[in-house]
Colleague: 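Pasting a structure here, questions to come.
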Amino acid sequence: MSAPITFDNSYSRLSERFHQSQPLQPVQNPALIEINPSLAAALSIDEQWLTSEEALGIFSGNTLPEGATPIATVYAGYQFGHWNPQLGDGRALLLGEILTEENRFDLQLKGSGPTAYSRGGDGRSPLGPVIREYIVSEAMAALGVPTTRALAAVATGEQVYRETAEPGGILTRVASSHIRFGTFQYFSASQDLDSLRQLADYALARHYPEAEDEPSPYLGLLDAVIAEFARLIAQWQNLGFIHGVMNTDNMLICGETVDYGPCAFMDTFKQSTVYSAIDQQGRYAYQNQPSIAHWNLMTLAQALLPLIDSNEEAAIEAAKASLETFPKLFERAFTDLGAAKLGLTPSSRSAQLLTEFLTLLEQQELDYSLSFSGLKDRVIPKVIADDPSEITAWAEHWRQALLAELSVEEAKARLSASNPVIIPRNHHIEFAIQAAYRDHDFEPFKALNAAVTDPYNEALATSVFASAPADSERVQRTFCGT
Ligand code: AMP
Ligand code: MG
């Protein structure tokens with residue numbers, strides 16, 4: 001059987017300054033844990049082939065698919081605000097790009113062994129982070145959030161050594177591309193203007209061809225990325241998603257969410273929530289995500305300045321004007337999504353009701369997702385046991401606004417369509433990882449995966465995966481998958 005993937009490797013054809021070629025580093029005893037038939041179908045990959053020996057060879061980094069040119073790419077980045085002039089794919093390998101009729105997608109192996117950019121790391125990944133990324137990235141996709149995807153997960157049959165020995169894993173990741181804010185910053189900081197321009201032209205052609213026709217295409221690129229991120233971060237906020245490591249090497253130019261290391265969906269609503277164990281200062285707390293995105297975009301703009309205008313002052317003026325649009329674009333997107341979450345048409349009234357509701361959720365220490373998905377049961381007034389009186393009063397106002405617009409049935413339908421009953425909760429993810437580690441049992445992982453990829457299915461409202469954690473189950477800390 002020949003590999004049913006058509007590879008093209010446009011990134012590897014860019015100058016040698018962009019990447020290093022990297023031979024495969026086979027693993028001992030790989031086993032397939034999970035595959036993603038619907039993503040395969042979208043990529044025109046034969047579903048049957050996914051479970052073949054040949055596919056396992058490719059997903060474990062043991063076999064090089066025909067036409068692939070494996071490379072590790074270079075980038076830089078601001079990590080927790082600190083500049084790091086050289087990073088790169090230290091535990092990932094870009095096999096190449098899959099061509100579909102309309103698009104091209106990166107196919108990357110994460111956890112496939114050391115590269116020129118590993119900086120002393122082993123280039124491998126424990127299975128836990130592979131399972132976490134698989135579940136959360138596929139949940140995000142099902143929730144309609146731009147994201148990298150998971151095509152397959154394998155166990156390598158080898159151990160990786162962190163605080164203890166853990167089973168190793170490899171994730172096959174699919175992305176519109178892996179070009180990061182930090183990729184631009186790498187060339188800008190090394191004052192390699194030719195490469196910077198080559199990268200910008202490549203990114204424009206691949207992701208924002210409409211900006212190529214603008215008077216200043218590079219300013220157009222910046223504007224397009226700003227618009228993507230305004231919408232993206234609004235979606236994160238709307239879902240209670242905390243990324244946890246918003247370094248500029250983890251911000252993709254294409255606007256997809258990437259790096260699911262320490263991420264988590266919030267259970268109890270609290271603006272200052274942080275899960276990541278390494279985020280001691282709370283830099284990437286829930287409430288800071290919009291302003292951090294803005295700051296990250298500012299550092300991207302800085303890198304683009306020499307392309308925007310050869311006159312530095314003019315370039316700064318133009319970039320500043322673009323950056324100033326971000327808070328409004330974000331606010332608008334957030335308000336629109338928030339209105340929909342309340343079943344309302346966006347207005348100052350819906351914005352006010354949203355703010356009030358969020359304040360109450362925080363005061364009353366209520367579960368974020370359950371509080372919103374429970375609204376459809378309040379369209380008709382009813383007595384709810386243990387309902388805080390403030391919430392009952394708020395619901396009265398909200399109901400008036402809602403039923404001024406919609407019939408009861410319409411309101412319920414709208415609320416159901418914009419409030420997931422299933423989000424990938426941390427305690428369920430941990431349970432799935434523990435079952436895999438302790439008992440070599442991947443069924444909880446698969447079951448959770450099936451649930452989170454069907455997030456609006458009302459029938460799942462009574463499933464175990466819809467439940468908030470008991471106090472004893474609550475996950476307080478998450479860890480980068482390094
Ligand atoms: P992250 O915090 O996951 O965004 O990773 C930051 C940088 O560290 C990236 O350039 C990674 O490639 C690199 N890195 C993380 N873990 C490893 C590892 N186990 N081996 C080598 N490089 C790694
Ligand atoms: Mg990263």
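In what follows, residues are counted from 1 in the order of the sequence shown. All ligand and atom numbering here is 1-based and tracks the order in the structure. We use all heavy atoms of the structure for the numbers below, so side chains are in, but hydrogens, waters and symmetry mates are not.
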Colleague: Under 3.5 Å, side chain of His428 to main-chain N/O of Val464, donor-acceptor pair present?
Modeller: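 Confirmed, His428 side chain pairs with Val464 backbone.
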Colleague: Could you list the donor-acceptor pairs under 3.5 angstrom formed between side-chain atoms of residues 20-35 and any protein atom two or more places apart in sequence or on another chain?
Modeller:
residue, atom, partner, partner atom, Å
Gln25, NE2, Pro114, O, 2.8
Glu34, OE1, Lys446, NZ, 3.4
Glu34, OE2, Asn449, ND2, 3.2

Colleague: Cation over ring, Arg283 on Phe80, under 6.0 Å and within 45°?
Modeller: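 So Arg283 doesn't make the cation-pi contact.
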Colleague: Taking both backbone and side-chain atoms of Gly121, is any N or O found less than 3.5 Å from an N or O belonging to ligand 1?
Modeller: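 Such a contact does not occur with ligand 1.
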Colleague: Considering only heavy atoms, does Asn247 approach ligand 1 within less than 4.0 Å through its side chain, its backbone, both, or neither?
Modeller: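 For Asn247, there is no contact with ligand 1 at all, from either part.
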Colleague: Taking backbone and side chain together, does Asn250 place any N/O/S atom at a distance below 2.8 Å from the Mg ion (ligand 2)?
Modeller: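 It does; at least one qualifying atom falls short of 2.8 Å.
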Colleague: Considering both backbone and side-chain atoms of Gln79, is one of its nitrogen or oxygen atoms within less than 3.5 Å of a nitrogen or oxygen in ligand 1?
Modeller: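 By distance alone, the answer is no.
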Colleague: Is the contact between Lys110 and ligand 1 made by the side chain, the backbone, both, or neither, using heavy atoms and a 4.0 Å cut-off?
Modeller: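 Neither part.
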Colleague: Purely on distance, is any nitrogen or oxygen of Asp259 under 3.5 Å from one on ligand 1?
Modeller: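 Looking only at distances, the answer is yes, because the N/O contact criterion of under 3.5 Å is met.
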Colleague: Which ligand 1 atoms are under 4.0 Å away from a heavy-atom of Arg124?
Modeller: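 Answer, ordered by atom number: 19 (N).
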Colleague: Is it true that Lys270 and Glu365 make a salt bridge, defined as a side-chain N closer than 4.0 Å to a carboxylate O?
Modeller: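 No, Lys270 and Glu365 are not salt-bridged.
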Colleague: Hey, could you give me the CZ/OG distance between Phe330 and Ser291, rounded to the nearest 0.5 Å?
Modeller: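 One finds 9.5 Å between CZ of Phe330 and OG of Ser291.
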Colleague: Looking only at distances, please establish whether an N/O atom of ligand 1 is found under 3.5 Å from an N/O atom of Gly90.
Modeller: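 Right, the criterion is met.
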Colleague: Within a distance under 4.0 Å of any heavy atom of Asn250, pick out the atoms of ligand 1 and give their elements.
Modeller: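 It comes down to these atoms of ligand 1: 4 (O).
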Colleague: When you measure from the heavy atoms of Arg162 to every atom of ligand 1, does any distance fall below 4.0 Å?
Modeller: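 Judged by the 4.0 Å heavy-atom criterion, Arg162 does count as contacting ligand 1.
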Colleague: Under 3.5 Å between some N or O of ligand 1 and some N or O of Gly123?
Modeller: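 Yes; the residue has a nitrogen or oxygen that sits under 3.5 Å from a nitrogen or oxygen of the ligand.
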Colleague: When you look for heavy atoms under 4.0 Å from ligand 1, do you find them on the side chain of Tyr75, its backbone, both, or neither?
Modeller: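 Side chain only.
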Colleague: Check Thr183, Asp89, Thr115 against Thr73 for a side-chain hydrogen bond (donor to acceptor under 3.5 Å, both in side chains) and give me the one that passes.
Modeller: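 Testing each of Thr183, Asp89, Thr115 against Thr73, the sole residue satisfying side-chain hydrogen bond (donor to acceptor under 3.5 Å, both in side chains) is Asp89.
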Colleague: For the pair Asp122 and Arg162, find out whether any cationic side-chain nitrogen is under 4.0 Å from an anionic carboxylate oxygen.
Modeller: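 So Asp122 pairs with Arg162 through a salt bridge.
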Colleague: Using distance alone, decide if ligand 1 has a nitrogen or oxygen within less than 3.5 Å of any nitrogen or oxygen in Arg91.
Modeller: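 So ligand 1 has an N or O lying under 3.5 Å from an N or O of Arg91.
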Colleague: Identify whether the distance between the nearest side-chain nitrogen and carboxylate oxygen of Asp106 and Arg206 falls below 4.0 Å.
Modeller: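 Arg206 and Asp106: salt-bridged.
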Colleague: Using a 4.0 Å heavy-atom cut-off, say whether Arg119 meets ligand 1 through its side chain, its backbone, both or neither.
Modeller: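 Just the side chain.
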Colleague: Output, in order, the C-alpha distance, side-chain angles, deciding distance and verdict of salt bridge (charged side-chain N to carboxylate O under 4.0 Å, His left out) for Arg13 and Asp8.
Modeller: CA-CA 10 Å; Arg13 290 194 294 272; Asp8 184 48; 3.1 Å; yes
Colleague: Hey, what do you get for CE (Met246) to CG (Asn288), rounding to the nearest 0.5 Å?
Modeller: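 Rounded to the nearest 0.5 Å, the CE-CG separation comes to 9.5 Å.
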Colleague: Suppose I only count heavy atoms of Gly88 and a 4.0 Å limit; which atoms of ligand 1 are within that range?
Modeller: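 So the answer, numbered in order with elements, is 9 (C), 10 (O), 11 (C), 12 (O).
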Colleague: Find, among atoms of Asp259 that are N, O or S, the one nearest to the Mg ion (ligand 2), and state its name.
Modeller: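 In Asp259, the N, O or S atom with the shortest distance to the Mg ion (ligand 2) is OD2.
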